[in-house]
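Below is one structure, written out as structure tokens; the observations come after it.
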Amino acid sequence: MPTELLFRDDAYLAEAPATVVAINERGGIELDRTVFYATGGGQPGDAGVLARSDGSEIAIGTAIYNPEDKSRILHVPLEGQAAPATGEPLVARLDWERRLKRMRIHTALHLLSVVLPYPVTGGAIGEGDGRLDFDIPEGGLDKAELTEKLNALVAKNAAITERWITDEELDANPGLVKTMSVKPPRGSGRVRLVSIEGIDLQPCGGTHVRNTSEIGSVAVTDIEKKGKQNRRVRIALA
């Protein structure tokens, strides 16, 4: 059975009860439902713990999609952790501070793609920082100017919501897709759109804050030339 992706419906859900469905040959723990975001789209998998009924905890270093079945998520324990039993009930609990920083940065990167309206060729999210690579034919980007424009969008206090469209609707509106290297998550027949009210609309399967005001101040920290037409723009929470 596919893992129930609780983070898709509520990115602010920091913990939830779950049941162990299986443990693979490498020790990856599969649950029936999870709040852990699995690595994808430039966003790292979540860390946290699986809290057992006896009071002990299994430390989880990251979460990944099962390479044999992308509809299922594996929780990867740190070395030396005791393995739970199949069918065991427990509580999946995030390292919330780490997740929230990623949500703030991920949302800020959506805004950066508005400030720089060029095709996105790559991206990554770190701990309080992140970057996007743009297909830009000319240089001349100014860090201070970009920072000012980015923070002006943050200050709009715009609401962030999600809705779903069909694969066919996305095919009929190719302009929604900004990323050239990472395609929107597809395969289920529908695609999630993330809307920043009055500012941006694009497909994305990641986690985001509910309002741009929650991002806080951000700064463009570096601009690198990564090829003839490729510019890497790095940002960080200020």
Side-chain angles (χ1 to χ4, degrees), residues 3 5 7-8 11 34-48 60-67 70-71 73-76 94-136 141 146 150 153-154 160 162 170 174 176-188 191-196 199-210 212 214-216 218-227 229-237:
T3 308
L5 308 181
F7 58 82
R8 282 275 169 85
T34 189
V35 294
F36 281 70
Y37 180 85
T39 302
Q43 181 171 333
D46 283 322
I60 300 299
T62 189
I64 62 173
Y65 286 101
N66 187 329
K70 299 292 187 179
S71 71
I73 286 178
L74 297 174
H75 304 74
V76 182
L94 295 178
D95 178 338
W96 175 246
E97 292 304 316
R98 185 181 300 187
R99 157 69 86 75
L100 184 57
K101 285 182 180 179
R102 291 173 179 174
M103 288 164 60
R104 292 166 63 197
I105 278 292
H106 196 151
T107 311
L109 289 175
H110 281 235
L111 297 180
L112 182 63
S113 74
V114 174
V115 171
L116 288 169
Y118 301 94
V120 176
T121 59
I125 297 165
E127 303 304 320
D129 59 9
R131 52 94 173 166
L132 287 180
D133 296 346
F134 295 92
D135 183 16
I136 301 178
L141 300 179
L146 293 178
L150 195 54
L153 292 179
V154 169
I160 296 153
E162 298 92 24
L170 182 62
L176 291 172
V177 181
K178 299 183 179 184
T179 54
M180 298 170 64
S181 61
V182 180
K183 299 302 180 184
R186 303 176 67 154
S188 65
V191 176
R192 191 178 70 154
L193 292 181
V194 175
S195 169
I196 304 179
I199 299 174
D200 187 49
L201 179 68
Q202 62 176 290
C204 187
T207 59
H208 310 83
V209 292
R210 292 176 178 147
T212 58
E214 297 177 54
I215 297 172
V218 291
V220 174
T221 57
D222 197 19
I223 300 171
E224 305 171 55
K225 184 175 182 180
K226 305 297 288 185
Q229 291 186 231
N230 207 39
R231 300 294 184 274
R232 175 166 294 175
V233 181
R234 298 184 182 274
I235 66 172
L237 301 176

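All values below were derived from every heavy atom in this structure, side-chain atoms included, with hydrogens, water molecules and symmetry-related copies excluded.
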Practice problem: Begin with the C-alpha distance, continue with both residues' side-chain angles, and end with the deciding distance and a verdict on side-chain contact (heavy atoms from CB on, under 4.5 Å) for Leu237 and Ile105. | Solution: CA-CA 7 Å; Leu237 301 176; Ile105 278 292; 3.9 Å; yes
CZ (Arg231) and CG (Asp133) are apart, to the nearest 0.5 Å, by 11.0 Å
Note: Ile136 and Leu141 closest approach over all heavy atoms is CD1-CD1, 3.8 Å
Smallest heavy-atom separation, Asp135 atom then Asn230 atom, equals N-OD1, 4.2 Å
Interatomic distance, CD1@Ile196 vs CG@Leu153, rounded to 0.5 Å, equals 8.5 Å
- Query: When you look at Thr207 and His106, which way does the side-chain hydrogen bond (donor to acceptor under 3.5 Å, both in side chains) test go after all the steps?
  - Reply: CA-CA 7 Å; Thr207 59; His106 196 151; 5.3 Å; no
Practice prompt. Output yes when Glu224 and Arg131 qualify as a salt bridge under the 4.0 Å nitrogen-oxygen rule, no when they do not.
Written response: no
Closest non-hydrogen atoms of Leu109 and Leu132, given as atom of the first, atom of the second and distance, are O-CD1, 3.4 Å
Correct closest heavy-atom pair for Ser113 and Gln202 would be OG-NE2, 3.4 Å
Worksheet item: Taking it one step at a time, do Ile160 and Thr212 satisfy side-chain contact (heavy atoms from CB on, under 4.5 Å)?
Response: CA-CA 7 Å; Ile160 296 153; Thr212 58; 4.1 Å; yes
Per side-chain contact (heavy atoms from CB on, under 4.5 Å), Phe36 is matched among Ile64, Thr62, Ile60 by Ile60
Separation between CD1 (Ile235) and CD1 (Ile223), nearest 0.5 Å, reads 12.0 Å
In short, Pro44 meets Tyr37 closest at the heavy-atom pair O-CD2, 3.7 Å
In this structure, CZ of Arg99 is separated from CG of Leu94 (nearest 0.5 Å) by 5.0 Å
When rounded to the nearest 0.5 Å, the distance separating NZ of Lys101 from CD1 of Ile215 is 15.5 Å
One should read off an interatomic distance between Gln43 CD and Met103 CE, to the nearest 0.5 angstrom, of 9.0 Å
All heavy atoms of Gly61 vs all of Ala47, minimum pair found to be O-CB, 3.6 Å
Is Arg102 salt-bridged to Glu127, going by a charged N under 4.0 Å from an acidic O? yes
- Message: Whether the side chain of Arg192 engages the backbone of Cys204 through a donor-acceptor N/O pair (distance < 3.5 Å, no angle test) should be reported.
- Response: yes
